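Notes to accompany the following structure.
Every heavy atom of this structure was used, including side-chain atoms; hydrogens, water molecules and symmetry mates were not. Indexing begins at 1, ligand by ligand and atom by atom, following the structure's order. The model shown is predicted, which means the values in this text are computed figures rather than measured ones.
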Amino acid sequence: MTEAHRAMDSGSRPGEQGWDPDRYARQARFVADLGMPVVELLAPRKGEKILDLGCGDGALTLKLRDMGCDVTGVDASAPQIEAARALGLDARVMDGQHLDLPADAFDAVFSNAALHWMDEDPDAVIRGVWQALKPGGRFVAEMGGGDNVGRIRRAVEAAFRRRSLDPDRYNPWYFPEPDEYRVRLENAGFDVRDIRLIDRMTRLPGELGGWLDTFAESWLAALEPAEAEAVKAEVAREVAPALRDADGVWTADYVRLRFAADKPL
Ligand code: BEZ
């Protein structure tokens with residue numbers, strides 16, 4: 001039994017997302033580039049105090065600051081926070097499931113492509129956001145939802161099962177349906193203004209293997225490196241007919257859950 005498989009048996013996670021900022025910039029710059037509709041839904045006003053929850057390397061945090069907001073970024077990844085600080089941003093290492101912020105401090109909490117990583121306790125995330133918001137404050141976010149990257153996910157799951165491994169145990173992603181997430185928001189006290197799924201086929205900047213290295217790192221870490229390479233090749237073979245075009249360009253079957261919710265006055 002390998003270390004990784006021992007970790008699986010003990011129920012702990014064998015690997016974490018490394019979020020290497022250089023690789024992220026190469027493989028995932030599109031995440032922030034495609035985040036502008038969420039900024040528009042936020043409709044930030046000059047001088048507003050905004051929390052960017054899961055700010056990553058700070059690309060959108062910087063946009064919010066350039067729009068005149070007083071913005072603080074938090075992220076669980078120390079290397080990403082270092083990259084955000086290098087942009088001159090106020091950014092702190094903090095797990096979104098254990099937010100430790102002053103109460104009633106922010107006009108808005110914004111989050112792009114981060115909440116689906118906080119899969120252990122989504123309600124704790126929402127409670128932390130509620131606590132940090134001023135009465136009348138808004139929570140505006142986008143995350144993976146519903147059948148996000150469904151073809152890719154199912155191909156990874158099948159490759160795990162072929163190896164007699166339970167894929168669900170290490171799937172690092174939380175992609176809720178709108179009804180489920182609405183209930184979580186309402187249970188915390190939010191008024192949900194809008195919540196919907198958005199199909200967004202997303203062109204990848206390189207090979208599917210590079211995308212898997214970046215976004216499924218902690219999932220593939222359940223395997224020995226050579227097995228992880230084999231799984232990546234199997235997944236690519238399986239989904240290529242649907243997700244790779246004649247020129248070799250890859251597209252991922254993204255589905256986003258976008259919402260705006262208000263903390264009542
Ligand atoms: C993302 O962070 O945007 C993401 C993560 C996993 C699957 C798809 C997208």
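- Per-residue contacts place A113 under 4.0 angstrom from the following atoms of ligand 1 (heavy atoms of the residue considered): 2 (O), 3 (O).
- Contacts with ligand 1 closer than 4.0 Å are made by side-chain heavy atoms of F175 only, the backbone lying farther away.
- Checked by distance only, ligand 1 and W211 stay at 3.5 Å or farther apart across all their nitrogen or oxygen atoms.
- When non-hydrogen atoms are compared, ligand 1 lies under 4.0 Å from the side chain of R256 (C-beta onward) but not from its backbone.
- Heavy-atom neighbours of E82 CD from other residues, nucleotides or ligands within 6.0 Å: at or below the threshold of 12.
- Judged purely by atom type and a 3.5 angstrom limit, R153 uses its side chain to pair as donor or acceptor with the backbone of N148.
- At distances below 3.5 Å, not a single donor-acceptor pair connects side-chain atoms of W250 with backbone N or O atoms of D245.
- Taking a cut-off of under 4.0 Å to the non-hydrogen atoms of H116, the atoms of ligand 1 that pass are 1 (C), 2 (O), 3 (O), 4 (C), 5 (C).
- A distance below 6.0 Å separates the ring centres of F259 and F139.
- For W117, a nitrogen or oxygen atom sits less than 3.5 Å from a nitrogen or oxygen atom of ligand 1, counting backbone and side chain alike.
- Taking CZ of R138 as the start and CD1 of I50 as the end, the distance is 6.0 Å to the nearest 0.5 Å.
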